[in-house]
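Beneath this line is the structure, given in structure tokens, with notes to follow.
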Amino acid sequence: MEHPLNVYNNLTRSKERFVPIQSPFVGMYVCGPTVYNYMHLGNLRTFITFDMVYRYLVHLGYKVRYVRNITDVGHITTEFDEGVDRIGAQAKLEQLEPMEIVQKYTNNFHDVLNQFNCIPPSIEPTATGHIIEQIEMVKQILENGFAYEADGSVYFDVRAYMQKHKYGALSGRNVDELFENTRELDGQDEKRFFADFALWKKASPEHIMKWPSPWGEGFPGWHLECSAMSTKYLGEEFDIHGGGMDLKFPHHESEIAQNTACCGHGPVRYWLHGNMLTVNGEKMSKSKGNSFLPLELIAGSHPLLDQGYSEMTVRFFMMQSHYASTLDFSNDALKAAEKGYKRFMTAIDALEKVKAGTASTFSVDDLRRDCYAAMNDDFNTPILIAGLFECVKQINLMLEGKAALTDADLSDFKSMVHAFVFDVLGFRRENESAGNTKALDAAMQLVIEMRRKARENKDWTTSDTIRDQLKAAGIVIKDTKEGVDWMLE
RNA sequence: GGUCCUGUAGCCGAGUGGUUAGGCAGAGCUCUGCAAAAGCUCCUACAGCGGUUCGAAUCCGCUCGGGACCUCCA
């Protein structure tokens, strides 16, 4: 692979050259959702981010195995709220079986990602489908002396682990400091040490989602499924692990500890974290009550919005910021993205109509080089988009006959632009009401011809009426030097 | 309280020890019958105070503001 891709590795807190363990194969694991409710835009941002990462790796020619889990076991909401888990609670609320809840919100998750043009992962394992693997892993960790059993539950023994390994490397945490700053002082119940976490949890009699195990009926700890499933499908060591910044601690930290306790070494070469989507500067989350559902955004039905925005506008909005930065969500920002995206895609579409010239007036190689440089610098999509706007400018100039490319350069330019816009950034043409476009185009040619005749006769009333009526119907007429064009608004 | 991130023009957002990011909005011009679209030009900012440096918005320190994690969370 001749492309020197650099990624920011959270494990080392530095940008590193990306070198797969076994090029051209790349293993990538991304933490998926707990399917107990509709996903909101903040969740969506993370999945769009790693969709872009996946797309770019594929574009570079890597053979990527992309694994993203579905967490369909309800994990306890707090340490002391025994027996209450998110999925179980939601099931009660909706008067459904827990697995009906899981199915309902898994479907929603898939539908939404599909709407936003995210490519499905290669493997999408569920936690409930890998109970045996998880139990096996707990057994191995116990055998290796990094866990202990207590009344039907099994806990990870952080102190034992710390004698041989570091705990807290990824999140930059010092366990002693953590201890000093832990607010909860009582109720540490079965745990020997405050930082210990459950690998297997004993289920109370009323708990519905539970499985038999060597320690009795119970369910796996939250962190365990990712360790077990990533190992199963990507091996003991793989290339990329992604997820939201908020999962860094304790989830990813514990994942590393579990894998290390089990196999003797860490599981992941490059840890990538997507940053949070904020609303008025604050993290979007359900508990804060500031979350948006994708549907509310598209329909514009949320109180904070004064209009709806299309899926691709939202995707563009997200791609205009770097994945590792927080992104603030607001009406004005969305509006700006909408206009920018429209201008952007209008030009990309118009590229099809550009005709080759006798000589090239600009360098396709330079533009291409800028685009790759942006992406190779830790997936810098905002810089890529800036580069593509330079392409937009050149397209518009070519349409006006003020710039040109030879036949060979033009097809090179087209494939380069298309690769970045559609394959890498994952934009998709909207307004493609397939089937009637041909008929509509024929009708439009007729209308345009009538308007042309009216203008020829200086019958401005007629020509302006045509233009205005079409505009009211959502069709925009564009008079260019090359002729008259039209587009759906 | 601890750990860490962050503060960029009207708005959104990149980046960087010395050279115009980009988008949106605004102003002017070109084109046009008038518009729209498009092109060109302008608006040239880096929280504050010190320090390092030939030179800092970029490095260091302090102050102020915002945020994340430390509990489930993408």
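Every heavy atom of this structure was used, including side-chain atoms; hydrogens, water molecules and symmetry mates were not. Chain letters run A, B, ... following the sequence lines, proteins first and then strands; every chain starts at 1.
Going from atom CD of Glu390(A) over to atom P of rG22(B) covers 9 Å, rounded to whole Å. One interatomic measurement links the two molecules: CG of Asn174(A) to C1' of rC69(B), which rounds to 15 Å at whole-angstrom precision. Separating the CE atom of Met28(A) from the P atom of rA74(B) is a distance of 17 Å, rounded to the nearest angstrom. Put simply, CE on Met319(A) is 24 Å from P on rA21(B), counting in whole angstrom units. Regarding Leu170(A), its CG atom lies at a distance of 18 Å from the P atom of rU3(B), rounded to whole Å. Following rounding to the nearest Å, Asp479(A) (CG) and rU30(B) (C1') show an atom-to-atom distance of 16 Å. Atom OH of Tyr167(A) and atom C1' of rC70(B) are 11 Å apart (whole Å). Atom CZ in Arg455(A) sits about 11 Å away from atom P in rU32(B), given to the nearest Å.
Salt bridge Arg429(A)/Asp349(A): present, at least one basic N to carboxylate O contact under 4.0 Å. Salt bridge status for Arg452(A) with Glu449(A): present, with a side-chain N to carboxylate O gap under 4.0 Å.
Of the candidate nucleotides rA35(B), rC70(B), rG39(B), rG39(B) has the atom nearest to the side chain of Lys393(A). Of the candidates rC34(B), rA21(B), rC70(B), rC70(B) carries the atom nearest the Phe249(A) side chain, counting heavy atoms from C-beta on. Taking every side-chain heavy atom of Ser463(A) into account, rG33(B) is the closest of rG33(B), rA38(B), rA74(B). Minimum atom distance to the side chain of Asp246(A) is reached by rA74(B), of the listed rA74(B), rG39(B), rG67(B). For Lys478(A), whose side chain is taken as the heavy atoms from C-beta onward, the closest listed nucleotide among rA36(B), rG39(B), rG22(B) is rA36(B). With rG22(B), rA35(B), rG39(B) as the choices, the nucleotide that has an atom nearest any side-chain atom of Leu397(A) turns out to be rG39(B). Of the candidates rA25(B), rC34(B), rA74(B), rA25(B) carries the atom nearest the Lys339(A) side chain, counting heavy atoms from C-beta on.
For the P atoms, the distance from rA9(B) to rA57(B) is 15 Å, rounded to whole Å. If you take atom P in rC40(B) and the same atom in rG51(B), they sit 44 Å apart, rounded to whole Å. The separation of rA47(B) from rG65(B), taken at their P atoms, amounts to 16 Å, rounded to a whole angstrom. Comparing rG61(B) with rA56(B), their C1' atoms are spaced 15 Å from each other, to the whole Å. The same atom, C1', is picked in rG22(B) and in rG18(B); the two are 23 Å apart, to the nearest Å. Atom P of rA21(B) sits at a distance of 30 Å from the matching atom of rC62(B), rounded to the whole Å. A distance of about 35 Å separates the C1' atoms of rU53(B) and rC11(B), rounded to the whole Å. Of the P atoms belonging to rC29(B) and rA36(B), the separation is 13 Å, rounded to the nearest Å.
Within a 6.0 Å radius of OH in Tyr38(A), other residues, nucleotides and ligands contribute 12 heavy atoms or fewer. The 12-atom threshold is not exceeded at CG of Asn280(A), counting heavy atoms of other residues, nucleotides or ligands nearer than 6.0 Å. Within a 6.0 Å radius of CG in Leu295(A), no more than 12 heavy atoms belonging to other residues, nucleotides or ligands are found.
At least one cation-pi condition fails for Arg428(A) and Phe422(A): the charged atom is not both under 6.0 angstrom from the six-membered ring centre and inside a 45 degree cone around its axis. Figure legend: cation-pi geometry between Arg173(A) and Tyr167(A) absent, as NZ or CZ is not positioned both under 6.0 Å from the six-membered ring centre and within 45° of its axis.
Met284(A) comes within 4.0 angstrom of a nucleotide base, judged by non-hydrogen atoms across all strands. Contact annotation for Lys288(A): backbone-only contact, meaning every heavy-atom pair under 4.0 Å involves sugar-phosphate atoms and none involves a base. Using a 4.0 Å heavy-atom criterion, one finds that Gly42(A) contacts the bases of the nucleic acid, with or without backbone contacts as well. Using a 4.0 Å heavy-atom distance criterion, Lys458(A) is classed as making no nucleic acid contact. Contacts of His40(A) with the nucleic acid, taken as non-hydrogen atoms under 4.0 Å apart, include base atoms. Residue Glu282(A) is classed as a sugar-phosphate contact, given heavy-atom separations below 4.0 Å to backbone atoms only. If you check every strand for non-hydrogen atoms under 4.0 Å, Met276(A) touches a base. Counting any heavy atom pair closer than 4.0 Å across all strands shown, Lys471(A) reaches no nucleic acid atom.
A donor N or O paired with an acceptor N or O is not found under 3.5 Å between the base of rA37(B) and the side-chain atoms of Arg343(A). A donor N or O paired with an acceptor N or O is not found under 3.5 Å between the base of rA37(B) and the side-chain atoms of Asn396(A).
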Both distances under 3.5 Å, Watson-Crick or G-U wobble: on that basis, could you give the dot-bracket string for RNA chain B, with [ ] for crossing pairs and | for other-strand partners?
(((((((..(((.....[...))).(((((.......)))))....(((((..]....))))))))))))....

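Ring planes of Phe197(A) and His223(A): perpendicular class, angle over 60° (limits at 30 and 60°). The aromatic rings of Phe109(A) and Phe47(A) stand perpendicular to each other, their planes meeting at an angle above 60°, with 30° marking the opposite boundary.
Not less than 6.0 angstrom separates the ring centroid of Tyr270(A) from the ring centroid of Tyr8(A). Between Phe238(A) and Tyr233(A), the distance from one ring center to the other does not fall under 6.0 angstrom. For Tyr36(A) and Tyr105(A), the ring centers sit 6.0 Å or farther from each other.
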What does the B/S/- profile of nucleotides 11-20 of chain B look like, 5' to 3', with a 4.0 Å heavy-atom cutoff to protein?
SSSSS-----

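Once the 5.5 Å centre distance and the 30° plane angle are applied, the aromatic ring of Trp460(A) is found stacked with the base of rG33(B).
Annotation: of the two residues near RNA chain B, Arg467(A) and Lys335(A), the 5′-most nearest-nucleotide partner is Lys335(A). Taking the nucleotide of RNA chain B with the nearest heavy atom to each of Gly281(A) and Lys402(A), the more 5' of the two is matched to Lys402(A).
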Side-chain donor-acceptor pairs of residues 309-318 of chain A under 3.5 Å, sequence neighbours excluded:
unit_1, atom_1, unit_2, atom_2, d
Tyr309(A), OH, Asn331(A), O, 3.3
Tyr309(A), OH, Asn331(A), OD1, 2.7
Ser310(A), OG, Thr313(A), N, 3.2
Ser310(A), OG, Thr313(A), OG1, 3.0
Ser310(A), OG, Glu430(A), OE1, 3.4
Ser310(A), OG, Glu430(A), OE2, 2.9
Arg315(A), NE, Leu425(A), O, 2.8
Arg315(A), NE, Gly426(A), O, 3.3
Arg315(A), NH1, Asp51(A), OD2, 3.1
Arg315(A), NH1, Phe116(A), O, 2.8
Arg315(A), NH1, Asn117(A), O, 3.3
Arg315(A), NH2, Asp51(A), OD2, 2.7
Arg315(A), NH2, Leu425(A), O, 3.1

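Distances shorter than 4.0 Å separate none of the side-chain N or O atoms of Lys248(A) from OP1 or OP2 on rC70(B).
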